[in-house]
Amino acid sequence: MVDPDAPSRQNPIRRSWRHWILADIKGHDLLCGKSLKGRIITEYNGPSPPVNTGYHRYEISLYLQPLGSSPSLLSSESEFRGNFDPDAFALRNNLGKPVATTEFKAKNPIQKSL
């Protein structure tokens, strides 16, 4: 799950802020609608748009993980969640194109007067 609008849609200098990566999800669990369990690559960090930045898009992509593969981050990606490149991650880990995607929008309900 990434936020391509970080820190704001008008100035996305931290584009594709990484909110969550989960690997080794069992296909059967997805088909049956069970809770997602797997190996956490990036701990879940829920939507948290800064005040006065409007709506942020949150994109979730699902990839078919090749058998025997073990997706991982580069050491430089582990240190900072901003400027993540989901396409490079997928390519490096042989994930191909997403088999499903979805998006939702959220904004911070607090508005400060300027």
Side-chain angles (χ1 to χ4, degrees):
M1 180 172 109
V2 296
D3 174 1
D5 302 322
S8 72
R9 215 164 183 177
Q10 294 73 28
N11 188 26
I13 60 172
R14 300 288 181 241
R15 174 174 296 282
S16 295
W17 188 271
R18 191 175 69 247
H19 280 266
W20 187 35
I21 299 179
L22 187 63
D24 303 336
I25 301 168
K26 293 183 180 183
H28 181 265
D29 290 350
L30 285 172
L31 290 171
C32 295
K34 293 184 177 180
S35 295
L36 293 181
K37 295 179 183 171
R39 181 173 52 86
I40 297 169
I41 296 174
T42 299
E43 288 281 342
Y44 178 75
N45 177 259
S48 52
V51 173
N52 291 338
T53 59
Y55 281 98
H56 285 235
R57 296 168 292 163
Y58 292 88
E59 300 172 346
I60 300 172
S61 299
L62 179 67
Y63 296 87
L64 181 60
Q65 183 179 327
L67 285 174
S69 70
S70 185
S72 62
L73 296 172
L74 297 172
S75 59
S76 59
E77 292 172 324
S78 299
E79 298 168 17
F80 183 64
R81 291 182 181 223
N83 301 107
F84 180 68
D85 186 341
D87 294 331
F89 175 81
L91 181 65
R92 194 174 59 250
N93 287 287
N94 300 311
L95 299 176
K97 299 286 184 192
V99 295
T101 62
T102 192
E103 175 182 287
F104 64 92
K105 294 180 183 177
K107 72 176 183 174
N108 192 314
I110 299 170
Q111 296 295 315
K112 291 184 180 177
S113 297
L114 299 177

**Student:** Can you run down the ring pair (Phe, Tyr, Trp, His ring centres under 6.0 Å) pairs that involve residues 22-46, sequence neighbours left out, and say none if there aren't any?
**Tutor:** W20-Y44
**Student:** Would you give the length of the straight line joining atom CZ of F89 to atom OG of S61, rounded to the nearest 0.5 angstrom?
**Tutor:** 11.0 Å
**Student:** Residues in ring pair (Phe, Tyr, Trp, His ring centres under 6.0 Å) with F80, at least two apart?
**Tutor:** W17
**Student:** For L95, is there any backbone N or O sitting under 3.5 Å from a side-chain donor or acceptor partner on N93?
**Tutor:** no
**Student:** More than 12 foreign heavy atoms under 6.0 Å from CD1 of I110: is that the case here?
**Tutor:** no
**Student:** List in chain and number order the residues that pass salt bridge (charged side-chain N to carboxylate O under 4.0 Å, His left out) with R92, two or more places apart in sequence or in another chain; answer none if no residue qualifies.
**Tutor:** E77
**Student:** Please report the interatomic distance CZ(F104) to CE(M1), rounded to the nearest 0.5 Å.
**Tutor:** 4.5 Å
**Student:** Can you pull the side chain to side chain donor-acceptor pair (under 3.5 Å) pairs that have at least one residue in residues 66-76, sequence neighbours excluded?
**Tutor:** R39-S70
**Student:** Mind checking salt bridge (charged side-chain N to carboxylate O under 4.0 Å, His left out) for D3 and listing every partner two or more places apart, or none if nothing turns up?
**Tutor:** none
**Student:** Quick one: NZ on K26 to CG on L36, what's the gap to the nearest 0.5 Å?
**Tutor:** 13.0 Å
**Student:** Using ring pair (Phe, Tyr, Trp, His ring centres under 6.0 Å) as the criterion, list what pairs up with Y63, not counting sequence neighbours.
**Tutor:** none
**Student:** Measure the spacing between CD1 of I41 and CZ of R18 and express it to the nearest 0.5 Å.
**Tutor:** 9.5 Å
